[in-house]
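Just so it is clear, the values below take in all heavy atoms, side chains as well, and ignore hydrogens, waters and symmetry mates.
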Amino acid sequence: PRMAFQRFMAAQQDAGTLLCLASKNNMEDVLETFRAHPEMPLRLEHFVARRINWSAKSANLASLAEELQLGLDSFIFIDDNPQECGEVMARRPEVLALPLPSDPAEIPAFLSHIWAFDRLSVTDEDTQRTELYRRRLERSRLEKHAKSLEEFISSLELRVTIAPMAAGQLPRVAQLTQRTNQMNFTTVRRTEADIAAMLAGGEAECLVVEVSDRFGGYGLTGAAILKTCGDALLVDTFLLSCRVLGRGVEHRLLAELGRIAGERG
């Protein structure tokens, strides 16, 4: 059953869930366990971040949330010790804390009935999420050592591509409309069918933004849906993932919309 637990978590990671490790142990003991058991489905590289120390699990969860720039309400905490789950529930109530069944044989059925793990679909971006967050952490370390924001952005060697949306990118664009909150000018949430219907008549068009730098790609991180209305360009949707905020990407997207407007008079 515990092997099934590991396989379940590895599958969650493949589908885009970020795995973190919070363990009350000596660091070397944990690392040696992974080294000594290569047959385990879960490996250290599955975890985007880890806290191995003797601090309270609630404090370590807060630390992980800060490092990953994620809200604690997006965390699911699973532990085989009910006391640890109780401590997290009391101090970090926004976290979904789930104690594993005391009978290991019940673990597989328990996991299969947790709605919070259900997914309707998995995009290409989802499958790359752990690697994308690893790159984000590397960029954060570089930013801390840069003397200025300009020096940091220059050192990234940023490359921005803005192009019409391809058919295979529709699921990711729909996902962005549903998840993006910080830089989303309208926050209108749309399904794949909604967007396909808008584009079907040819009046509306969709641009997508892909960004990369010296550390690798950020993936498809922005979109704009626009229409030509008389002497104006109507921008229905303008959004960017938080992954690329503070990089000047929004200026490039606005400039591209300005270029299109000028071209069409």
Over 60° means perpendicular and under 30° means parallel, so tell me whether Phe185 and Phe238 are parallel, tilted or perpendicular.
parallel

Can you tell whether the side chains of Arg259 and Glu263 come within less than 4.0 Å, N to carboxylate O?
yes

Examine distances only and state if a side-chain atom of Arg190 and a backbone atom of Ile195 form a donor-acceptor pair shorter than 3.5 Å.
no

Is the number of heavy atoms from other residues, nucleotides or ligands within 6.0 Å of CD (Gln182) greater than 12?
no

Does a side chain donor of either Arg139 or Tyr218 reach within less than 3.5 Å of an acceptor in the other side chain?
yes

Under 3.5 Å, side chain of Gln6 to main-chain N/O of Leu42, donor-acceptor pair present?
yes

Any donor-acceptor N/O pair, Glu67 side chain to Ala49 backbone, under 3.5 Å:
no

Using atom types as modelled and distance alone, determine if a side-chain donor or acceptor of Thr180 lies under 3.5 Å from a backbone N or O of Leu176.
yes

Short question: side chain of Thr187, backbone of Asn184 - any donor-acceptor pair under 3.5 Å?
no

Closest approach of Ala116 and Leu96, non-hydrogen atoms and distance?
CB-CD2, 3.8 Å

Would you confirm whether His113, through its side chain, and Phe110, through its main-chain N or O, come within 3.5 Å as a donor-acceptor pair?
no

Checking Asp194 side chain against Thr191 main chain: does a donor-acceptor pair fall under 3.5 Å?
yes

Can you tell me if Asp103 has over 12 outside heavy atoms packed within less than 6.0 Å of its CG?
yes

Does the salt bridge (Lys or Arg N to Asp or Glu O under 4.0 Å) test come out yes or no for Arg252 and Glu256, once each step is laid out?
CA-CA 6 Å; Arg252 303 216 197 169; Glu256 178 63 11; over 6 Å; no

Arg159 side chain to Glu157 backbone, donor-acceptor under 3.5 Å:
yes

Min side-chain heavy-atom separation Leu207-Ile260 under 4.5 Å
yes

Under 3.5 Å, is there a donor-acceptor pair between the side chain of Arg129 and the main chain of Gly16?
yes

Stepwise salt bridge (Lys or Arg N to Asp or Glu O under 4.0 Å) test for Glu138 and Arg141:
CA-CA 5 Å; Glu138 290 177 4; Arg141 285 190 281 269; 5.0 Å; no

Quiz question: by atom type and distance under 3.5 Å, do the side chains of Gln169 and Arg172 form a donor-acceptor pair?
no

Candidate pair Thr161 and Glu210, rule side chain to side chain donor-acceptor pair (under 3.5 Å), full reasoning
CA-CA 5 Å; Thr161 303; Glu210 295 186 281; over 6 Å; no

Glu84 side chain to Lys57 backbone, donor-acceptor under 3.5 Å
no

Shortest non-hydrogen separation from Pro99 to Pro82 and the atoms involved
CB-CA, 4.3 Å

